[in-house]
Amino acid sequence: MKPAPFTYHRARSAEDAVERLAAGDGMARLLAGGQSLVPMLNLRLAPAADLVDIGAIESFRRHEELPGALRIGACVTHGTIQRGEIPDPANGLMARVAAGIAYQAVRNRGTIGGSMALADPSADWVSLLVALDATVEWVGQQGAQQGPAAGFMLGAYTTRLDFSDVLTALVIPRLSSNARFGYYKICRKTGEFASSLAAVINDRQRRYSRVVLGATGGAPIILGETSLLLATAPRWNQAMPDEIIAAFNQDILHTGRDFSEVALSQHRASVVRAVKESLI
Ligand SMILES: Cc1cc2nc3c(=O)[nH]c(=O)nc-3n(C[C@H](O)[C@H](O)[C@H](O)COP(=O)(O)OP(=O)(O)OC[C@H]3O[C@@H](n4cnc5c(N)ncnc54)[C@H](O)[C@@H]3O)c2cc1C
């Protein structure tokens, strides 16, 4: 199918994009890599009278070294991260995760900011950036704002962004050189959206340990008990799977969420495997 007619605008700056969104009265949409939006337009699932292309905004394609962190512009593509064309504050984990997103053509155009803004529950960055304790930066009619990646996504395809807000960058704390991590994504074919994923960061030098469960149908879940277990766990041993599963079960109980047996068994498996990777 072809999309319904729309007017195309090329934004010159973040402020210009905000103005155009605000003027669009809810019928204007940002276009970043277009890898999710264009199929939705073609299927007429996302009505848009105006498309505001942010791909040419120079600052959105840049990265910047900060003390202890890296700021990544919203329009940096998965492919740029995968190929190591910008520094990896997570010691190679971001490049590895980027390499598992879709296929090369999608990675060459799809952006980290577009992925966060879209907030597909099964996507990779929405969970990994929570695990890395990233900060999301955006600008809107109220000016510049920022907030932790944890809590940015409110539910499936819903974030803290208002209709005229533009996500500008992500700030990712740098892991210590001896930090350990694990990432496990369950999907039917390489590069597909996950049916379960777990992201684990164990940076004891920074006293930071976090286990995040993704692809839950809603926002990623920080597994508190499992994170505590990880923070004090010795190296991997035979008793660990049972201990992780006990902690995981407690965490799921606390969420009050209802998962099918199939989903639960996938989530258990991804968490155990990701924690194992971080401890061996
Ligand atoms: C076949 C296929 C397989 C895929 N597999 C995976 C996968 O395994 N894992 C995964 O994580 N993703 C996957 N994706 C999604 C892919 O990563 C998309 O690129 C990404 O979700 C959206 O990024 P984009 O830059 O293309 O955004 P667009 O499609 O341009 O925009 C998506 C939405 O976000 C909004 N938006 C974009 N940028 C901003 C911004 N800066 N501020 C505010 N709003 C903004 C747009 O208005 C639109 O509503 C897949 C996509 C395809 C087509």
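Whatever order the structure lists them in is the order used to number ligands and atoms, beginning at 1. When reading the values below, keep in mind they use all heavy atoms of this one structure, side chains included, and skip hydrogens, waters and symmetry mates. Please read all numbers here as calculations on a predicted model, not as lab measurements.
In this structure, atom 11 (O) of ligand 1 lies nearest to the protein heavy atom Asp124 N, 2.8 Å. Nearest protein heavy-atom contact of atom 27 (O) of ligand 1 is Gly114 CA, 3.8 Å. The nearest heavy-atom contact from the protein to atom 46 (C) of ligand 1 is Leu30 O, 3.1 Å. The single protein non-hydrogen atom nearest to atom 44 (N) of ligand 1 is Ala117 CB, 3.2 Å, given as residue, atom name and distance. Protein heavy atom in closest approach to atom 25 (O) of ligand 1: Thr111 OG1, 2.6 Å. Protein heavy atom nearest atom 15 (C) of ligand 1, with residue, atom name and distance: Phe193 CZ, 3.6 Å. Of all protein heavy atoms, the one lying nearest to atom 4 (C) of ligand 1 is Ala102 CB, 3.3 Å.
Distance alone, capped at 3.5 Å, places no donor-acceptor pair between the Thr226 side chain and the Val211 backbone. With hydrogens and angles disregarded, a donor-acceptor distance shorter than 3.5 Å links the side chain of Arg61 to the backbone of Gly55.
In terms of polar-atom proximity, defined here as any N/O pair under 3.5 Å, Lys185 does make such a contact with ligand 1. Checked by distance only, ligand 1 and Val106 stay at 3.5 Å or farther apart across all their nitrogen or oxygen atoms. Considering backbone and side-chain atoms together, Leu37 places an N or O closer than 3.5 Å to an N or O of ligand 1. Taking only nitrogen or oxygen atoms, main chain and side chain alike, Gly110 does not reach within less than 3.5 Å of ligand 1. When only interatomic distances are considered, the shortest N/O to N/O separation between Gly34 and ligand 1 falls below 3.5 Å. Residue Gly33 has at least one nitrogen or oxygen atom sitting less than 3.5 Å from a nitrogen or oxygen atom of ligand 1, judged on distance alone.
The proximity of Leu161 to ligand 1, defined as any non-hydrogen pair under 4.0 Å, is limited to the side chain. With a heavy-atom cut-off of 4.0 Å, Ile54 touches ligand 1 through its side chain alone. Proximity of Met116 to ligand 1, defined as any heavy-atom pair under 4.0 Å, is not found for any part of the residue.
Close approach to Tyr103 involves these atoms of ligand 1, each under 4.0 Å from a residue heavy atom: 1 (C). The ligand atoms of ligand 1 that sit less than 4.0 angstrom from a heavy atom of Ser36 are 15 (C), 18 (C), 20 (C), 21 (O), 22 (C), 26 (O), 29 (O). Atom numbering of ligand 1 starts at 1 in the shown order; those under 4.0 Å from a heavy atom of Glu192 are 8 (O). Applying the 4.0 Å criterion to heavy atoms of Ala123 picks out, from ligand 1, the atoms 10 (C), 11 (O). Of all the atoms in ligand 1, the ones that sit under 4.0 Å from a non-hydrogen atom of Val166 are 42 (N). Each of the following atoms of ligand 1 lies closer than 4.0 Å to a heavy atom of Gln35: 18 (C), 19 (O), 26 (O), 29 (O), 53 (C). Close approach of ligand 1 to His78 is summarised as follows: ligand atoms under 4.0 Å from at least one heavy atom of the residue are 16 (C), 17 (O), 19 (O).
Donor-acceptor pairing under 3.5 Å is lacking for the side chains of His9 and Asp53. In the model, Asn202 has no side-chain atom that pairs as donor or acceptor with a side-chain atom of Ser278 under 3.5 Å. With 3.5 Å as the limit, one finds a donor-acceptor pair spanning the side chains of Arg83 and Asn108. Of the N and O atoms on the side chains of Gln266 and Ser195, at least one donor lies less than 3.5 Å from an acceptor on the other residue. If you check the side chains of Tyr8 and Asp50, you find no donor sitting under 3.5 Å from an acceptor.
Across all non-hydrogen atoms, the minimal contact from Ala119 to Val126 is CA-CG1, 4.1 Å. Looking at every heavy atom in both residues, Pro220 comes nearest to Val212 through CB-CG1, 3.7 Å.
Around CD of Gln104, the count of heavy atoms belonging to other residues, nucleotides or ligands within 6.0 Å exceeds 12. A 6.0 Å sphere centred on CZ of Arg96 holds more than 12 heavy atoms belonging to other residues, nucleotides or ligands.
Nearest-heavy-atom check against atom 42 (N) of ligand 1 across Leu167, Ile112, Leu51 picks out Leu167.
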- For Arg174 and Glu65, what are the C-alpha separation, side-chain angles and deciding distance, and is it a side chain to side chain contact (heavy atoms under 4.5 Å, CB included)? CA-CA 10 Å; Arg174 196 177 301 287; Glu65 300 274 2; 2.6 Å; yes

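Counting only heavy atoms from C-beta outward, the side chains of Glu225 and His254 approach each other to under 4.5 Å.
A distance of 8.0 Å separates OG1 of Thr159 from CG of Asp165, quoted to the nearest 0.5 Å.
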